[in-house]
Amino acid sequence: MSERIFNFSPGPSMLPESVLKKAQAAIWNYNDSGMGVMELSHRGSHFEAIIKDTEQRLRKLLNISDDYAVLFCTGGATNQFSMVPMNLLAKGSVGNYILSGMFAEKAYEEAKKFGEIHVAASTKDKGYREVPTEIALSTNAAYLHFTSNNTIFGTQFAHEPDAHGAPLVCDASSDLLHKPLDISKYGLIYAGTQKNLGIAGATIVIIKRDLLARSADTLPAMMDYRTYAKNDSLYNTAPTFPIYVTGEVLKWIESEGGALGMEKRAWERASILYNFLDHCDFYAPYASHESRSLMNITFKLKDDKLEKQFVTEAESCGLNGLKGHRNVGGFRVSIYNAFPVEGIKTLVAFMGDFAKRNG
Ligand code: PMP
């Protein structure tokens, strides 16, 4: 296939075309340095400028005050499932978790290894079709952990849950920077960059500086947030190319109106598909109405025998990555920041036609 297609995969996922083209050129020769961007030393002036600039742009786009450190880690969001309790769960306190999906469960299971953990809310018995609303914290809560967007089930918190004064810790892997955030409500936010902010390989951690005091001196260096904070994320070789790509994606986000621009794009894309689903009996949306995600839209076919045919025909129309997660089945339409609205329009046209032909 020589043309580019619409890639609805849940991450890694589509990048802005302008970023891909700029990266292509930079791989060969970065800023007339005579070196490709992937060849730059992480200690050289070119890369130091890239990482500083990327941090500054993120701070500006999300209005992150100096009370927060911005860290570039590795190991994906999955490594944060361990780092959060390792750093924040002091002896005698309790890690509180909201179970709203598979990744929330994974974070919770990992945290159990490090201390006392409490389930503050769960919608597991509802097949994770909705996000919890009733939150019951334990006494002496070290923090309240939640997953802002549940990538697999297609649900999302419209507002932050009330942490009753405990630091709010958020896995924002699949929705960071799709809208403005009031960072002051959070103790810590983390996200892998491969969905809304670039490619796989870097994990952004935004942490309130006063929480850094909780980390014990016995932590392994690379699992200690203070190592990254003290060394501007350059204690060891940082993931240079993923950070470069994130910087370029952030420049693109600025050019598209910043966080508000992303929110407008997200609503536009999601409304087109939800509107269609709500008016076509052939398909059955998975997530409950009030918990619907703007980033991942899940649905099934009323006749699941047609699933294979749906995938094959969609792919032949250049619509890829639509198969749902094995735990939910059906289909999942992942539409992160860079996803073009034309892709959703093309998908809806295909779905309408498919329903007509097979309904
Ligand atoms: N949390 C959420 C909400 C996710 O969507 C994902 C990845 N799909 C993860 C955590 C795991 O991230 P990673 O693969 O970067 O470790």
Side-chain angles (χ1 to χ4, degrees), residues 7-15 71-86 95 97-111 121-124 128-132 143-158 160-161 168-179 181 186 188-206 222-223 228 238-239 241-243 245-246 249 266 286-287 291-298 321-328 331-339:
N7 171 13
F8 293 90
S9 78
S13 46
M14 283 184 87
L15 290 165
L71 317 176
F72 294 97
C73 304
T74 50
T78 305
N79 206 44
Q80 295 307 309
F81 297 167
S82 323
M83 282 183 82
V84 165
M86 283 174 98
Y97 282 75
I98 295 179
L99 304 188
S100 55
M102 300 270 302
F103 290 109
E105 274 189 32
K106 280 190 172 173
Y108 161 74
E109 289 299 331
E110 186 67 12
S122 172
T123 43
K124 187 171 185 160
Y128 290 132
R129 284 172 191 268
E130 59 190 75
V131 297
Y143 55 83
L144 175 65
H145 180 284
F146 80 111
T147 314
S148 49
N149 184 72
N150 299 284
T151 323
I152 293 173
F153 297 91
T155 63
Q156 188 173 26
F157 282 84
E160 293 84 358
L168 192 58
V169 174
C170 178
D171 174 358
S173 288
S174 49
D175 70 354
L176 188 60
L177 203 32
H178 85 293
K179 68 172 185 184
L181 276 187
Y186 294 83
L188 190 154
I189 305 174
Y190 63 88
T193 47
Q194 68 268 28
K195 302 179 198 292
N196 268 331
L197 299 167
I199 60 171
T203 316
I204 288 168
V205 175
I206 302 163
M222 290 303 288
M223 297 303 280
Y228 299 82
F241 188 61
I243 291 171
V245 176
T246 291
V249 170
Y286 183 79
S291 294
R292 286 175 165 181
S293 166
L294 296 179
M295 305 274 99
N296 311 95
I297 298 178
T298 45
L322 290 165
K323 208 166 164 5
H325 188 274
R326 60 190 173 280
N327 282 82
V328 181
F331 298 94
R332 169 174 48 172
V333 178
S334 299
I335 36 179
Y336 301 117
N337 281 343
F339 196 91

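Read the numbers this way: they start at 1 and go in the same order the structure lists the ligands and their atoms.
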(message) Does only the side chain of Phe81 get under 4.0 Å from ligand 1, or the backbone, or both, or neither? Count heavy atoms.
(response) side chain
(message) Under 4.0 Å from a heavy atom of Thr147: which atoms of ligand 1 are those, numbered in the order shown and with their elements?
(response) 3 (C)
(request) Report yes or no: do Asp175 and Ser148 form a side-chain donor-acceptor pair below 3.5 Å? (result) yes
(request) Considering only non-hydrogen protein atoms, determine which one is nearest to atom 8 (N) of ligand 1 and report residue, atom name and distance to 0.1 Å. (result) Lys195 NZ, 2.9 Å
(message) With no hydrogens and no angle check, just 3.5 Å: does a side-chain donor-acceptor pair link Glu160 and Tyr186?
(response) yes
(message) How far is atom 16 (O) of ligand 1 from the closest protein heavy atom, and which atom is that?
(response) Thr78 OG1, 2.5 Å
(message) Looking at Tyr286, I'd like to know if the NZ or CZ of Arg129 sits under 6.0 Å from its six-membered ring centre while staying within 45 degrees of the ring's axis.
(response) yes
(request) Could you tell me if any non-hydrogen atom of Ser173 lies under 4.0 Å from any atom of ligand 1? (result) yes
(message) Could you identify the single nearest non-hydrogen protein atom to atom 12 (O) of ligand 1 and state the distance to 0.1 Å?
(response) Ala77 CB, 3.5 Å
(request) Please write down residue, atom name and distance for the protein heavy atom closest to atom 5 (O) of ligand 1. (result) Thr151 OG1, 2.4 Å
(message) Just verifying a value: how many Å separate Gln156 CD and His178 NE2, rounded to the nearest 0.5 Å?
(response) 4.0 Å
(message) Among all the protein's non-hydrogen atoms, which is closest to atom 14 (O) of ligand 1, and how far away is it?
(response) Gln194 NE2, 3.9 Å
(request) Nearest 0.5 Å please: distance from the CG atom of Leu188 over to the CG atom of Leu168. (result) 10.0 Å
(request) Step through it carefully: locate the ring centre of Phe146, locate the ring centre of Tyr97, and say whether they are under 6.0 Å apart. (result) no
(request) May I ask you to list the atoms of ligand 1 that are less than 4.0 angstrom from any heavy atom of Gly76? (result) 15 (O), 16 (O)
(request) Would you please say whether a donor-acceptor pair under 3.5 Å links the side chains of Glu110 and Ser82? (result) yes
(request) Could you tell me whether ligand 1 has any atom less than 4.0 Å away from a heavy atom of Gln80? (result) no
(request) Calculate, to the nearest 0.5 Å, the distance between atoms CG and OG1 belonging to Leu197 and Thr246 respectively. (result) 6.0 Å
(request) With heavy atoms only and a cut-off of under 4.0 Å, state how Asn149 meets ligand 1: side chain, backbone, both or neither. (result) backbone
(request) Considering heavy atoms of the protein only, find what lies nearest to atom 1 (N) of ligand 1 and give residue, atom and distance to 0.1 Å. (result) Asp171 OD2, 2.6 Å
(request) Measure the distances from the heavy atoms of Thr203 to every atom of ligand 1 and state whether one is below 4.0 angstrom. (result) no
(message) Less than 3.5 Å apart, any donor N or O on the side chain of Thr155 or Asn150 sitting next to an acceptor on the other?
(response) yes
